[in-house]
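Just so it is clear: chains get the letters A, B, ... in the order the sequence lines come, proteins before strands, and each one is counted from 1.
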Amino acid sequence: MLSRIAESLYWIGRYVERAEDTARILDVHLHRMLADPWVDEQTACRSLLGVMGVSLAESPGASDPRGEATSIEGPVSAARVVGLLGLDEHNPSSVVGALAAARENARGARETVSSEMWETLNATWHGLPDARRRVEQQGVHAFFRWVRERCSVLAGLTDATMSRDEGWLFLVLGRSVERVDMTARLLSTHVRAGGSIPSWLTLLRSCGAWETYLRTYRGSLDDRHAAEFLLLDRLFPRSVFAALSTAESCLAELEPDHSRAGVTTDAQRIVGRSRTNLEFRGADELMADLGSVLAGLERTCSQVNDAVSRRYFRQTSAVLWVSEAVA
Amino acid sequence: MADLFEDYRLGPGWDEMFGEPSMPRPTYEALHATLQPLSSAELGIRAEVLARAFLDQGITFALKGVERPFPLDIVPRIIAAQEWRTVEVGVAQRIRALEAFLDDVYGAGQVLADGVVPRRIVVTSAHFHREAAGINPHNGVRIHVAGVDLIRDEQGTFRVLEDNVRVPSGVSYVMENRRAMAHVLPEVFAATRIQPVESYPGQLLRALRAAAPVGVHEPTVVVLTPGVHNSAYFEHALLAREMGVELVEGRDLVCVGNEVAMRTTAGEQRVDVIYRRIDDEFLDPVHFRADSVIGCAGLLNAARAGRVTIANAVGNGVADDKLLYTYVPDLIRYFLNEEPILPNVETHRLDDDPDVLEHVLDHLDELVLKPVDGSGGAGIVIGSQATDEQLAAVRERIEFDPRGWIAQREVALSMVPTLVGNRLRARHVDLRPFAVNDGENVWVLPGGLTRVALPEGALVVNSSQGGGSKDTWVLTETPGAAEPEPPEEAPIVVVPSPRSPDPGPVAGPVAVQQQQQQQSARSGRPPAATSQRSAREAQC
């Protein structure tokens, strides 16, 4: 498979997951701000922006890897958050931007993604100009729900129409890495606010995990169980552990030649270390050290991203052309 | 433009929004200010979205066998914090008195011996079940969940219309209404501080677990539903889902040797607490209707043996018999030695004094006649709105069975603006707050179900009679002023700020344009996929 195609598929996975998770997180957090009289809108908005890595002091979308998100100035309203994280088309981390970027990647790999997947992404992209109108007329919830539905349609078609070859592995890998990243970010809203706001209920809802959580723990809502569920649950597909495991098995399948000692690639090493770090520590231990665990997870995601890019997408250094020389 | 409130007329009842025409009461000022600038077209779109959301989520009510959405009106009803305080305390007081009463009539019967309530009233009640005598819940709770129907009279005073301590329904609409309203009308929420209602399932689960049989540490709670054809099935499913417990039907349960279990893929699993949404008569074919296929044989004996808790308890119906209702103020004085906080509506008993009966029969066209064991508004005759034939028919039935009826003064229920067509109009409402008793205290959900009678002038608000509902907002103690009690401050943990998300190879549409336009000009940044491709294209 062409590296370029593999990279596009990987990023389709990442962007679509990013769009979906951002939509979920925004939807639940904004609803929370309205429905709960004790939430302070300013604080909640700032914490949300901070966690999503938006720094208002700089121009939005500037992707400084060390982007400290604490320098937000001016009043931040819920509407502004929707604008920045939901509707900003120039920011590939906003919902709209991520969907556009996913479609752009699919356009470059049209012969590989199934036509049904392409059509879904393309139709979604064509629906984006309506998004703003939809938000105005029917409220943000309608828009976020639409996004979730489109992402689910794509996930379903991917599942139903792609053969489980390398391309599939890259797409699922991208999705899983993004999922780890988003869940870790989400959890860090909680830790950063001193463990009180937003509540675990909000966090679980943001992951679509509320109902499964209730079912699993029979309605007892406490910090330990909720953190355990989002970090460690083996069966819930959006838990950090499940996403890491999926990423790990994708990476393993991408390297059919098993070496006799350890694993072959850097990416496998990074993901495996991160997974075992969660798996073989008790929930209490993780809770006591949640801040650094989450920071570690976010680092893991970036490192995996780099390792995968190096290993599969840019094995040779890019040829740099000097335009005068061509002319 | 103020076209929404155009021609808004104050009706015969207490108008909750307006004290004087166009002068909103303080609690409604924020809402009024938000609605005022909206055009009817804008509000119409929102109302459609709202209706659509309810239909999509299956928030429906089966009316005469047809499943239809329970209409939610887009204008909420607002209750000030101090008004709510009265409701809260009053409802809890009533529940405590009724608990004491039930404990007594299914036990020693002191209240009957003392003549506070005539024995005949109790034993002739259709819902007094001798089968329930001697079943003593160990934490003393028989009314785990109650819904007390309140109205506001012409002076705005809350009055109790009836008690529901069997299987009160409607709480799911309280939760779903709030969720839907926050999604559809967020701007109204932003201006008001409203007490949340979503803790209800958690409170209910706590109360149910507290009621578990002695010696069970991790009780298994289930919700028992008659099945998908029940009009409140949506609610059963919602409660089970939000509590994270199993929703079972009668056929899923098996009772052997006074142990109740549910059939699972892993064999039979013991059940400790059953929150049943089945009427007494269908619950246990051993004791009640033998032809019931929705119950489970043996439940009642298991409860008597203390091996399972049935919530609400069997036989509670004697306490919400409408004739007993007239005795509740006396019961509060008798059992609690308190004065009732929430007054009843003036009611005539028809069975003991022939003069009263005669008076009532002479004034049928001014009174409201209710069958004592009816629910859902069935059988109610409103004298002033009834035809002569209806009055004649009800007269005949009352003369035949005076025990079966009560007569109440016709109260002009309070009114709240409601979207009718594309204008707001005053419509009558009632309120059903829900109370959960966990044995230590009675918790009242801050909100409750406001039902609205949609036809003009109609006074019967029951959903089974084509009523709609409103989201009910209970304001926090100090509206406007911030948090009365911010959650306790935990030490702030220093966590490195999350970094910006990883950028993709093609950084959004801008880069694409660049890719198209600037195939030769190199930017210094390393989106390698782009530059590789350009390089290849250039080679061609």
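Residue contact with chain A, scored on non-hydrogen atoms closer than 4.5 Å, involves the backbone and the side chain of B/Arg179 alike. Using a 4.5 Å cut-off between heavy atoms, B/Val49 contacts chain A through its side chain alone, with no backbone atom that close. With a 4.5 Å cut-off on non-hydrogen atoms, A/Arg18 touches chain B through its side chain but not through its backbone. Only the side chain of B/Arg46 has a heavy atom closer than 4.5 Å to any heavy atom of chain A. With a 4.5 angstrom heavy-atom cutoff, B/Glu246 touches chain A via backbone and side-chain atoms both. Heavy-atom distances place the side chain of B/Ile45, and not its backbone, under 4.5 Å from chain A.
Residues passing the salt bridge (Lys or Arg N to Asp or Glu O under 4.0 Å) test with B/Arg270 are B/Glu259, B/Asp272, sequence neighbours excluded.
The two residues A/Asp27 and B/His183 have their closest heavy-atom pair at OD1-NE2, 4.3 Å.
Taking CG of A/Leu214 as the start and CZ of B/Arg241 as the end, the distance is 10.0 Å to the nearest 0.5 Å.
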